[in-house]
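Read the structure below first, then the notes.
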Amino acid sequence: MNPDRPAVFYNPENMKDAYDEMEHGHSKIAAIRSAIAAADAQADTPYRIFFRLQLCRESVFYGDGLDMMVIFPEILAIIDQYPDTPTTVFNSEYIDSMDHILWVYKWLLEECENFYQVPMADCQKFFEDFKKRSLAYGYNLRPYYYYRYSFYEETGQEEAAEEAFHKFMEIPRDGNSDCEACECNSIVNFYLKRGDSERAAELAREIENLTLTCGHGGRGAWLRLKKHYMEYYLNRKDFAEAEKYCRVMERYMTEDSEYQRWDDFLYCYAHTNMGKALKIYKEHWKEWQENRAPSEIFSMSKNIACFLKKLLKERTNKTIRLPLDASFPLYQESERYRLDALYDYYYGRALEVARRFDARNGTDCYCRRLERAFA
C-alpha cells in the first residue's frame, strides 16, 4: 500500500464482507469491480490481485466466463511487476499471490476453448506461459497436460487430445493439481466419451457413494458425475435414461452455473415431457439470450432448435404464444410466433457460432456436432 495516499475510507476487509453478502450476478460483479478500483487507487498490490482473482471466481462459477477473460491479463501484468506479492488474510492458504494465480490460471485455460474470439495463437501463448510459470514455481505439468487434453478434445483435435490425456495420467499429483474428485470425474468422462461405460462406472464408484468429494460444495463432484452421465445418454439419444439424471440434477441444483444445465434439460424433456420442456423455455429464454460465452450460445441455441423442431413435428398449430419481451430479435407485440421462424433463428445462431469456432480451431467439429444433434 502507498503510505503517501490517504486510506481513511479504504477498508478492503469491509468491502469483501459487503460483496460476500450479495447474491451472485451483475450487482456482485459491480461491487467487486469497485473493490478493484479502490485497491488500485491505494496501490495495494496484494488486494489489487486478490480482488481480481475474486472477479475471476465469480465469472467462472456464477457467470459466463467473459469477465475473467478480460481481467486475467491484468493480473499477470501486476504479478510480473511485483513478483513477490504476498497473499491477504482471505487467501492465506496459498504460499503467495503467484501460487494463487497459478491455481486460477487453470480456469483461464479451460475458458480458452469457450471463446472463439481468442485466436488460436493466443490460446497457445496462454498454455506455454502457464507451463513456464508452473515449472519456475516448482510445480509439475500434470495440470498443463490435463487442460491441454480438454482444449484439444473440445476443439476436435482427437489425436492430440489422446496424447495429452495419457501424459496427464503419467505425471504424479502435486500442489497445483485439481482435487482428486475433480480429476476422477475428468477421467470418468474421458472413458464415457469413448464408450467404455464399464471402466467409467468402476472409476466413478467412490464419487457415487460420496466417499470422494470435492471442496467446492459437498455434492459438487457427485453432481458433476451426474452431469457427465446425462451428457453421455443425451449424446446417445437415450432420452429416457438421460431424464433420470436431469431430474436428479434439478433436485440437487446449486447456484454454480456448471450444474444449471437448463438447455440440456430442455433438449431431453422435448423427447419425454414436452409440457415441461415448454415451461423451461418460457422461464429461461432471456438468460439464454443474454449469455455471452460463445460455446454456451452454441449449446443453448442447438438445444432450443432441437426442441422447436420436435414441437413443430408434434403440433398441428404451427404458431405458439410466448411471453417474450422487446429484447428478443423476433419480438411480436401480439406474443404470437411462428415455430418455423423461431427454429430458423436458433438454428442459424448455432450454425454461425459453429462456423466461427471451426474457423478458429481449424477443424469441423462444431458443425459436425450440430449435424449429429439433428440426425
Side-chain angles (χ1 to χ4, degrees), residues 19 22-33 36 49-76 100-120 122-127 129-130 143-144 146-155 178 182 185-186 189 214 216-217 220 223-224 227-228 231 253-264 284 286-303 349-350 352-354 356-357 360-361 365-366 369:
Y19 67 66
M22 303 173 71
E23 293 185 2
H24 300 294
H26 297 301
S27 296
K28 187 166 185 173
I29 288 283
I32 298 174
R33 288 190 183 281
I36 291 171
I49 293 173
F50 174 74
F51 285 138
R52 283 172 167 84
L53 292 173
Q54 287 274 281
L55 183 62
C56 291
R57 187 179 190 279
E58 186 69 20
S59 175
V60 168
F61 291 107
Y62 307 105
D64 52 30
L66 181 60
D67 292 300
M68 178 182 187
M69 299 303 294
V70 174
I71 204 77
F72 198 81
E74 294 181 15
I75 298 172
L76 295 179
H100 193 178
I101 289 168
L102 286 172
W103 183 267
V104 176
Y105 210 145
K106 297 181 294 182
W107 306 346
L108 178 86
L109 299 181
E110 191 168 26
E111 291 297 325
C112 280
E113 66 196 40
N114 297 326
F115 290 87
Y116 61 72
Q117 297 95 326
V118 183
M120 183 62 73
D122 288 351
C123 294
Q124 302 296 356
K125 286 179 183 177
F126 279 129
F127 273 102
D129 183 63
F130 174 75
Y144 167 80
Y146 170 72
Y147 287 100
R148 272 290 191 190
Y149 149 68
S150 180
F151 182 79
Y152 289 139
E153 183 93 340
E154 187 63 23
T155 56
D178 290 345
C182 291
N185 251 315
S186 300
N189 198 35
C214 176
H216 188 64
L223 270 174
R224 184 174 292 122
K227 179 174 73 78
H228 291 328
E231 293 168 345
M253 188 177 294
T254 69
E255 292 181 311
D256 194 324
S257 59
E258 177 185 356
Y259 309 122
Q260 297 187 10
R261 306 309 306 170
W262 289 108
D263 62 299
D264 287 324
H284 296 278
K286 192 172 182 66
E287 68 193 60
W288 292 333
Q289 196 67 30
E290 293 175 348
N291 194 292
R292 301 172 298 171
S295 64
E296 292 292 321
I297 293 171
F298 169 77
S299 174
M300 293 167 179
S301 299
K302 169 180 67 65
N303 286 343
R349 198 173 187 222
E352 179 186 1
V353 174
R356 289 179 182 272
F357 267 117
R360 193 278 300 262
N361 299 334
C365 67
Y366 268 83
R369 287 171 195 161

I'd like to know whether Tyr147 forms a ring pair (Phe, Tyr, Trp, His ring centres under 6.0 Å) with Phe127, so could you lay out the CA-CA distance, the side-chain angles of the two residues, the decisive distance to 0.1 Å, and finally the verdict. CA-CA 9 Å; Tyr147 287 100; Phe127 273 102; 7.9 Å; no
Rounded distance [0.5 Å steps], CD1 in Ile75 versus CD1 in Ile36: 8.0 Å
Start with the C-alpha distance between Tyr19 and Glu58, add both sets of side-chain angles, then the distance that settles side-chain hydrogen bond (donor to acceptor under 3.5 Å, both in side chains), and finish with yes or no. CA-CA 11 Å; Tyr19 67 66; Glu58 186 69 20; over 6 Å; no
Between Ser59 and Asp64, does any side-chain donor sit less than 3.5 Å from a side-chain acceptor? no
Asp122 versus Lys125: any side-chain heavy-atom pair under 4.5 Å? yes
Describe, in one word, how the ring planes of Tyr62 and His24 are oriented to each other, choosing from parallel (under 30°), tilted (30 to 60°) and perpendicular (over 60°). parallel
NZ/NE/NH1/NH2 to OD/OE distance under 4.0 Å, Arg261 and Glu296: yes
What do the steps show when you test Asp67 against Arg292 for salt bridge (Lys or Arg N to Asp or Glu O under 4.0 Å), and what is the final call? CA-CA 10 Å; Asp67 292 300; Arg292 301 172 298 171; 3.0 Å; yes
Pairs involving residues 100-116, ordered by first then second residue, that meet salt bridge (Lys or Arg N to Asp or Glu O under 4.0 Å) (sequence neighbours left out): Lys106-Asp178
Less than 6.0 Å separating the ring centroids of Phe72 and Tyr105? yes
Between Arg360 (side chain only) and Val118 (backbone N and O only), is there a donor and an acceptor less than 3.5 Å apart? yes
With distance as the sole criterion, is a donor-acceptor pair present between the side chains of Tyr116 and Asn361 under 3.5 Å? no
Does a side-chain N-to-carboxylate-O contact under 4.0 Å join Lys28 and Glu23? no
